[in-house]
Each structure stands twice: as structure tokens, then as C-alpha cells.
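Each chain gets a letter, A, B and so on, in the order its sequence line appears, and its residues count up from 1. The basis for the numbers below is simple: all heavy atoms, side chains too, and nothing from hydrogens, waters or symmetry mates.
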Protein chains: 2
Amino acid sequence: MTRTVFEKTDVVPLIAEVFRELGYEGASMSKITARTGLSKGSLYYFFPGGKEEMAAEILAHVDAWFVSKVFEPLEQHDPQQAISEMWQEVETYFNSGKRICLVGAFALDETRDRFDAVICQYFKRWIDALCAALVRAGTTRETAAIVSEEAVGGIQGGLILARALKDDLIFGRTVAGLAERVSKCIPGGTH
Amino acid sequence: MTRTVFEKTDVVPLIAEVFRELGYEGASMSKITARTGLSKGSLYYFFPGGKEEMAAEILAHVDAWFVSKVFEPLEQHDPQQAISEMWQEVETYFNSGKRICLVGAFALDETRDRFDAVICQYFKRWIDALCAALVRAGTTRETAAIVSEEAVGGIQGGLILARALKDDLIFGRTVAGLAERVSKCIPGGTH
DNA sequence: GTCTATAGAGTGATAGAC
DNA sequence: GTCTATCACTCTATAGAC
């Protein structure tokens, strides 16, 4: 019998892609075993709580990525640089719109109710972090709050359009448009 | 014994809400029978093709609604009035963000591949119709194309944020913001 | 031998099709 | 309601590292 040894840190991103592509309900255990190469035994060894625990860990993993790559820089670093890096990270992470936002997808159906705290926190922190960065860059609190919502929402909308239209360029246009509008509300911003 | 007689036209909107709330995979036949009051027999009488035929008819029904209430007015009526009515219809239809876009939700997971022609057509026609209305109102073709994408995408993003944050006001703010930006690119528009 | 990780047959429940 | 396939999940067996 061959024995492949997995580590949990390697397993989480694999399962994440299955949930991302098939959704919570569509990601059956058999699909997960087929696409990850892990047996049911291994999956339940890593995640005794089953499918719900897998999804919870995956959401936490996605959230942690955004915290370190996007939210914390926006909250702590130079605001203009952090915002500019945010657009870059977003374009790369979502692979020009070919990869969707797992948190956004989970928000749309009853899956939201299973994970509502994480889902709500993710978007709230993103909007608040961007807003705080804009305020530090000199934007008024009112404008910053409105623009931050528009930017985070706009990214989600761009991902839906990219998948719906099977258009590899639309997400880039969306991000570029949002970046321009955000930078225009920074006094002395590059535009 | 009581006997409730259903007509297919009454059944489609009922099933539509189940798909909208639970997603394609989450909307099991038992959930559909439970929430519509229809027996499995009735469902297969109305939809011999099963679940896939139900979803296809529901998508067609949603699309037809948008064609008559949004796309055709944008394509044919007074552009400024049609655009202003679009925002009104969108706010009402999505119930201030408490109701999501079925087409957008289907676009996110592998459900898209089952219905990709309808899903693509829906968003393409919406963007094109809005773009054409803006051009008729005097906007340059280039600006109109960009703004139309931003508006249709922005609506989808607003719906995701509304559900994720459980915020009844954010969708209204999103629509108001988009409406303002759209009207600003019309020469002599009301702003 | 112990311990950790893996395999996969087998469980009852429920899916969608008819 | 009845069908078969598949669901999430359990359990036993065991491979390999120590």
C-alpha cells in the first residue's frame, strides 16, 4: 500500500479551492477526496468536525491571509503605499478575476448563517481598514467611509462580472477604475 | 381532503425564492417540496427535466422580468428616465439588499457552467442597454462603456455586502452612489 | 511495542429521478 | 411512494516512524 503523507498546512489550501469552485453545498466529501487525493480517513483525522470544520478553517485561513497582506498594512503602514499595494495584492490573489472570493460566495446563500461572524468581520475590517488609511491620508471621514464601501463592494461585483461574462479583462478594468476613484479622494493623491 | 391546484406561473416564483436563498446545490427537492407545498409528483409533472429544468425556467423568468422592466426601457425609452427608473426598480426588486441576484449567485460556482449562456447574456445585455442609454443621453461611448460596467458590477457588489454585513442600509447607499456617478457623466444631467 | 496518519469498507440518511 | 446513487460520517485496520 502506498502512503502519501500530508500536512494540514498543505491540505487547507487544496480544500479551499474545492469550496471556492463548488460552493459549500457543492463541495461534497467525495469531490474533496477526489480533488485533494486525501482519503476520508485523513480528512476526518485532520477535521474531526467534518465539512463544517473544514470550511471554518478555510475561512480562517483566507481571513488570515487578508489580515497580513491587506488589512494590517492599511491599518498600520503608510496609507498611500498600503492602498496601492492592496490593488496589486487583490489583482494577484483573485487571479485577474478567474478566482472568486470565498467569503463573498459564502455570503450569498444560507451558508452565511453558519459562518456569519467571520463573514461579517472580514468585510467590516476590510472597509474599516481602508477607511482608516484614507483618513490618515487626509480624506474626510465621511468621504472615506463612502469610498471604502464602494471599493470593497466594487471588487466583489467585479468578480461576479468576470465569471459571468468569462472576461479576463473586466476585473482588471474594475480594479483600475476603483483605484483611480479612491486616489482621487486623497488630497494631493496621484491622479 | 383538500386539493390545491397550482399553475406553473404560480409555481415558478415560489421555486425561484428557494434557489435564491439556498443556491443551486442547496435547493434540494425536499426543500423545494417543503417550501412550495408541491408534491414531488407535481414538480416532475411541471418540470420533467427535474432540478436543472426548474433552474433553467427560473433563470428565464428572472431574465424576462429584467428585459421588460429594465433592459427594454433602457434600450428604447427616454434614456434619462429609463436610467432613473432602473435604480428604482433595482432597489425594489432586491428589496433593499435583502434579496440577492439569482443570476449573480449562480455565476459564482460551477452552476455557472450549466447555465453559462443565460448568465452571460443577462449581464451583457444589462451593461449594453445601460451603455446605449447613456450614449443616447450624450455620454461618449468610451465613458458610457466604463460607467455601465461599474454600475452593473457595483449593484452585485452591494448585494454581497448587504448580506455579508446584514446591513439594510448599505445597498441603498450603494445604489445612490452609483446613480450619482452615472448621472454625472451625462452632459447636463441632474446633479 | 506506541503513536500518528492513512486507507477505505460500511453506516443510516437523504439526494434527485421517476 | 419507490427507486438507486450519493450524501456526511464512522469505524476498523494498518503503514511507517519512533
For E91(A), side-chain contact (heavy atoms from CB on, under 4.5 Å) partners two or more places apart: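 For E91(A) the side-chain contact (heavy atoms from CB on, under 4.5 Å) partners, ignoring immediate neighbours, are S96(A), F171(A), V175(A).
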From [atom1] of [X] over to [atom2] of [N], roughly how many Å is that when rounded to an integer?
X       : N       : atom1 : atom2 : value
E53(A)  : dT10(D) : CD    : P     : 11 Å
L22(A)  : dC7(D)  : CG    : C1'   : 15 Å
L43(A)  : dC7(D)  : CG    : P     : 14 Å
R114(A) : dA8(D)  : CZ    : C1'   : 11 Å

Side chains of S42(A) and S39(A): do they bring a donor and an acceptor to under 3.5 Å? yes
Is E17(B) salt-bridged to R99(B), going by a charged N under 4.0 Å from an acidic O?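 So E17(B) pairs with R99(B) through a salt bridge.
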Suppose we screen for salt bridge (charged side-chain N to carboxylate O under 4.0 Å, His left out). Which residues come up paired with R173(B), at least two apart in sequence or across chains? E149(A), D167(B)
In B/S/- notation (B base, S sugar-phosphate only, - none; protein heavy atoms under 4.0 Å), nucleotides 9-18 of chain C written 5' to 3' is BB----SBBB
Any chance you could measure E25(A), atom CD, to T111(A), atom OG1, to the nearest 0.5 Å?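 Going from CD on E25(A) over to OG1 on T111(A), the span is 5.5 Å.
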To the nearest 0.5 Å, tell me how far E150(A) CD sits from I170(B) CD1. 10.0 Å
